[in-house]
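Notes to accompany the following structure.
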Amino acid sequence: MKEDAILVINEVSKYFEGLKALSKVTIEIPEKCIVGLIGPNGSGKTTLFNVITGFYPPDEGKILYKTLSGIFVDITGLNPHEVFKMGVIRTFQIPRLFPSLTVLENLLITPLNQRGESVVNSLRRSKWLREEEELVHRAVNLLKTFNRLNIASKYPSELSIGDIKLIETLRGLMTPARLYLLDEPLAGLDLHTARSLLRLIWKLNKNHGLTFLIVEHRVDLLMEIADFIYVLHNGSLLASGTPGEIINDPKVVRAYIGE
Amino acid sequence: MELITNTRFMLIIASTLLIGIVIGYTIGYYMGQTTVQTTQTTPIQRKYILGVSIALSGPISSICVQWEPVVRMAIDDLNNISRSMGLNLVFEPYILDDKGSPEEALKNAQTFYAAGIRIMIGPPLSSQLKAIKAFSDANKFIIIAPCSNSPTLAIPGDYIFRTQPSAIAESEALAVLAIRENIRSIISFHIDDEFCNVFSKYFKDSFEKRGGRIVHEIVYSPGQADYGTDVATLASFARSLTPDAILYCGYGTDGANILSHAAEEPALRATRWLVVESFYGASEVLVPKIIEFAQQVRMIGIRPAPLVNPLYDEFVNRLRNYGGTPTYCSENVYDAVMIAGLAVLRTGGSTDPDELREAIVQVAKTYYGPGGWGLLDENGDRVQAAFKLWTLSMVNGTPQYVDIGYISDSTIVMES
Amino acid sequence: MIDVLSFAIHWLTYFTIYAILAITLVLEAGISGITNFGKVAFFGLGAYIGAVVNTYTLLALLGYDVNTYTPFTAQGVSVLSKIAASEPIIVIMIFFMSLAISFVITGLFGRLLIYPVIRVGAGFVGFTLLSVGEILRAIYMNTHFLGGTYGMFGIPQPFTWLRSPVLSALCYLAVTFSIFLSAYILVSRIHESPLGRVLRAIRDDDVAALFLGKDVPRIKSSVFFLTSGLSGVAGALYACYVGSVNPQMFVVLVTFNVWAMIIIGGSSSPMGAVLGAALLSLVDRLLQYATPVIGGVLFSADYLRPIFIGCIMIAILVKKPMGLLPEKPPKITAGFLRKALEEIGEVNEGGCDTCD
Amino acid sequence: MEIARALICSYVFSWIYILSSIPLTLSYRTTKVFNFAHPVFITYGAYVAIFLNEFLNKNTPLFIAALFSFTTGGLIGVLNYLLIIRPLHQRGASPNVHMIATMGAWFVYQYALYIICQVLMKLRGASFLSYPSVEYVDISYIQRAIGLNTPQYIVTSTTLGLVVILSLYVLLNKTMLGFAMRGIADNQILATLCGIPRDKLMALTWFLTGGITALSGILWVNFSGSTTPEIGLHVVVINFAAAFIGGLSSLLVTALASAALALTENIVFLFLSYHLGLQPTIRLAIVFGVVFTILVIRPPLGAGGGLPYRFRTRIGRKVAGP
């Protein structure tokens, strides 16, 4: 186990009624890196995210996570909100925005331990007003980066699919975490927006030392920022390496093009 | 924009309501006017409205809906009296449905009070009466309850009167009858409501004092779909405990259901049945199957009524003209309306509660109606110590309720 | 012709009590998505607790033997009415104590109940809670201590000693109104706060909320504690207002009356709940004056009242399916947004504290 | 112990509950509407039989009663659909709004029935608000002809129940119509895209729902010794319980749950009251207790939704050490 890893997935398997979705996958996510996870459809990428974040407990294997104090803890099968509280944030491949909340509110929901979220404090406005204002500012700035200020008070049902996808990712980025699991953040985005999103991710990574694990089908774009790539195929790890190595790996090419 | 449409919409609703009410009032006003004009010749009329709260819908509606013609008849009688006395007072009923629910009864009382009405007839159930008691006490609102006889409400000094005789004397009379019929062990089977609980409790006391024994008590809840299993439970106990008789207390709807199930149960056909007046008069019980069963088990029922009372027969006959049939308590409803109206006439149409209360007590002393003498005790409850015995049988091919005797001061007389 | 003051007092008392139920139901069902079809269970429990505290404790405190002077016998009730008229301080003290006790016990009951109930899918929570209400009703009916089918009565109204019925009713109205007002402020504050946002998110998609770090069961249970407790207080207020409790008062229909109020008013706005409660209770009472006058020879005129109410309900809902006052985003956050946008409009190169 | 009566009761009740709760599940599954006007179908079904009985001078054949009840219930269902449910659906109302609107409809129908009863009472002089049981002449005739001595309601409920269930089975599983209805139930948008005429199919579903439920009413008047306008309400509580246990989607589980609840209500209860001396007053509480337990211990899968069960079982589990 590398000491610089933040998340270690150790021989994790997951079965669905006999079907092997993941078989003995071992992945290490180095801290302060952008790690790409690619693979054809049905190769188990989303299942891996679900297993990490506690949506399903794995059938075998362990998931270890390095806390701030530098020791590894076993987070296998924790509840999703507990995983979140340890600093692991995920986004969904099929966006799950809250339909009756505006875009702004959807962004504001993420930050953890907001003072106004306890019953007692919610009754005393003075306790949470300032924090709320700060959060609104953060959200507005984030929207501004993508020139989406005009949709701030719209409802998800009024947005284009690309915008929904973008907001889903931005919702994850609203709060500082140590590890982001982004599930196809670029899907449906126009090239310009996609590049600004990548630039934001890159900045967050470089300036704040945040770690990203990104599932993406637009491999070309991903390669521009990823430090390391894992390739999944039929539930098991096919290859791993730097973007340059992966591009030249014949196994990967075969998996993508198909037999 | 949204706000504007909202307010506009609410305005529309409010104005529709308002218009509806205004139209309602006008119609009602003119209808009231026309009826007054056709029946009256004297130009100056004073309307005196009596509030009536009865359960026109809900679980006990089959009984109470028959009270409405009774009320109309009593009001007509009162108006005739008023006219013959040369008074210019015209009585009008103000009938509201209380659905058999305590909350609705309280609402009705408050509605009456706000409309300036000071006397209310009803509500039918003791539980409803309790919900109004606090309101009545605070506002000196007079209530004449026709059908409640629970001793828990026998409280002196309040503004509640009841024209149903107390259950205590009646249960004692039935106990005396049971002993005389050589009944020593009884299973008590009754609905879980105040009237029947009280009756069975007092019956138990007086029956066991006289050497009988209640071997088991089965209580079933009101307002259920069907009572087949309750009858099966009763039959099981009747088979294992072999009582001399079953004491049954229930109302028309559940009574018809239970008796028709019981008619198919051998264990229940082998014992005597004693019943209480609460389903007397209910038409759904009058089916051949139940009549045959009643004959088989020599069913005897009891009901409070004076020994000889031609007024009751006259009441029944006249009620037909109003499209009503007598049910449980209908004679008490008539008496309640009459006592209220006569008291109002006595005060000359007063609305002062204390004056009215005094007048009611005085009027009741000399009142005699289809339910017998109206005398009220210190709790405002009717005093009555005579009871008729009845059963179900075929008369000229039609099933009917038939009187078979009476009890007065522990003397039992059986006709035929 | 109609005594407006008396009408207004009684309608308002009734309305404020039901409005407390409606507002709490908005927080439960409209904002947090707990379809509570067992509202009457908490209302009834609170009423019974209020009844017990206001009678048994009072009698015991003043040295009466509670076994002879039970609050469902004529003796007990006479004694209670004497106490209510002569002991203002202790009666009022016990009354407020009963409200507090109702709040705590009913709230805890709700909190305990949410754990088994939350396991049931959102669509089934309603019926599970409805069964709780019916089970409780059977318990009241079969408990001798609570009067069984006799119910309990003679529960003192805390201001009876004022002698004037209008004055005491007004005082009581002041109490119910202030509790209603605080419930309203409470719920609308929660609605506007970040907690309200989380609750609405949970209502929309509880799995996604879970993945965003919200401890859904814990949040739901603390909200349910609050709303059940308030429903209990409404129950205790009702018991003291009516002066009696009876198992027959707490039937399923009460729950759906409250539901009708919030749906007609707009199920997720507290103001809508108040509006719905006011509209339905007022229409019912006003129609009581209208229907008997319309009069019928063929049938009882008062049958028309529920028919009118049913038609009004259908008409409003068909016309405005979101209720009279649909949900709107909270004002405070929207205000901050406007402010932030203005600032950015002025300072075009606004900093981004996350991105650089 | 009088097992026989309890058995008969649970048998007849099973049929009554099945005939009224299967349509409830069917209508929810197809239209996603909690129909609070469901008791109306039962009550009106029963009262059609009662009015027929009164106006045919107590010579009502079962098939005539069934025909009239079915039509009346069906028409009420279609009327509800056209006047309330479709406009609400078109305006995108939430299920709760449908629920309260149908509750308003229930008020209207319920009190309209009271008015009808009172008017007819004035005309006929008979009390309709509580009516004794109705015997069907054709069934009596057949019974006499083949010498069958059992109580009539056993014959009636068996015949009617089997006929209805079989035809419903054939309709849903063997005809194109049934496939279309199930298609609508599974995915409304997709079904509409496939060319299924949604409106007509919905109206048909409501017709069937109303009609079949009304048939339980005519069984009821045959069985029970007294019928009031309230019976729909008493029966519908069990219907909702059964439908919920069936997850609001499975007709088979709903039917089984109906039968199981009828058994609980009758045989289990008789056993408890005879051996443990429990009073019949807690009968309904026991039924609700059973429902509560089933819903909590084994939450039904189906239209309910909600947090997956596993997220709640491990609450408070400690984080494992390094």
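Here is the naming used below: chain letters follow the sequence lines, and residue numbers restart at 1 for every chain. Values below: every heavy atom of this structure, side chains too, minus hydrogens, waters and symmetry copies.
- Defined by atom type and a distance below 3.5 Å, a donor-acceptor pair is present between the side-chain atoms of C:Tyr14 and B:Glu103.
- Heavy atoms closer than 4.5 Å to chain B are found nowhere in C:Phe308, neither backbone nor side chain.
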### Task
Would you please test B:Phe195 and C:Thr149 for side chain to side chain contact (heavy atoms under 4.5 Å, CB included) and show each step?
CA-CA 10 Å; B:Phe195 171 75; C:Thr149 39; over 6 Å; no

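- Looking at B:Ala131, the atoms closer than 4.5 Å to chain C (heavy atoms on both sides) sit in the backbone and in the side chain alike.
- No part of C:Met152 comes within reach of chain B, as not one of its non-hydrogen atoms sits under 4.5 angstrom from that chain.
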### Stepwise side chain to side chain contact (heavy atoms under 4.5 Å, CB included) check, B:Asn108 with C:Gln288
CA-CA 8 Å; B:Asn108 289 353; C:Gln288 281 193 322; 2.6 Å; yes

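- Between the CG atom in C:Asn142 and the CG atom in B:Asp192 there is a gap of 6.5 Å [rounded to 0.5 Å].
- Under the 3.5 Å distance criterion, the side-chain polar atoms of C:Tyr303 are left unmatched by any main-chain donor or acceptor of B:Asp97.
- With a threshold of 4.5 angstrom between heavy atoms, C:Pro247 does not approach chain B through any atom at all.
- Rounding to the nearest 0.5 angstrom, the gap separating the NZ atom in B:Lys133 from the OG atom in C:Ser244 is 11.0 Å.
- With rounding to the nearest 0.5 Å, the separation of OH in C:Tyr289 from CZ in B:Phe112 is 9.5 Å.
- Not a single donor-acceptor pair under 3.5 Å links the side chain of C:Asp3 to the backbone N or O of B:Ala115.
- Using a 4.5 Å heavy-atom cutoff, the side chains of B:Lys140 and C:Pro165 are not in contact.
- For B:Phe135 and C:His10, the ring centers sit closer than 6.0 Å to each other.
- Using a 4.5 Å cut-off between heavy atoms, B:Ser126 does not touch chain C at all.
- Shown here is C:Phe256, whose CZ atom has more than 12 heavy atoms of other residues, nucleotides or ligands within 6.0 Å.
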### Query
Are C:Asp284 and B:Lys107 close enough, and set up right, to give a side chain to side chain contact (heavy atoms under 4.5 Å, CB included), and what steps lead you there?
CA-CA 10 Å; C:Asp284 188 34; B:Lys107 259 198 252 172; 2.6 Å; yes

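- Heavy atoms closer than 4.5 Å to chain B are found in the side chain of C:Val77, but not in its backbone.
- Residue contact with chain C, scored on non-hydrogen atoms closer than 4.5 Å, involves the side chain of B:Pro102 exclusively.
- Note that the CD atom of B:Gln128 and the CE atom of C:Met249 stand 9.5 Å from one another [nearest 0.5 Å].
- By the 4.5 Å heavy-atom criterion applied to side chains, B:Val198 and C:Tyr150 are counted as neighbours.
- For the atom pair C:Thr160 OG1 and B:Asp137 CG, the distance stands at 9.0 Å (nearest 0.5 Å).
- When heavy atoms are compared at a cutoff of 4.5 Å, B:Leu125 approaches chain C solely by way of its side chain, counted from C-beta outward.
- Contact detail for B:Ala134 and C:Gly243: the closest heavy-atom pair is CB-CA, 4.2 Å.
- Residues C:Asp302 and B:Leu96 have side chains in contact (heavy-atom distance under 4.5 Å, counting atoms from C-beta outward).
- With a threshold of 4.5 angstrom between heavy atoms, C:Arg163 does not approach chain B through any atom at all.
- Residue contact with chain C, scored on non-hydrogen atoms closer than 4.5 Å, involves the backbone and the side chain of B:Ser127 alike.
- Contacts of B:Asp158 with chain C are absent, with no heavy-atom separation under 4.5 Å from either backbone or side chain.
- Annotation for C:Phe153 and B:Thr152: closest pair CZ-O, 3.5 Å, computed over non-hydrogen atoms.
- In this structure, the separation between CG on B:Leu153 and CZ on C:Phe72 is 13.5 Å, given to the nearest 0.5 Å.
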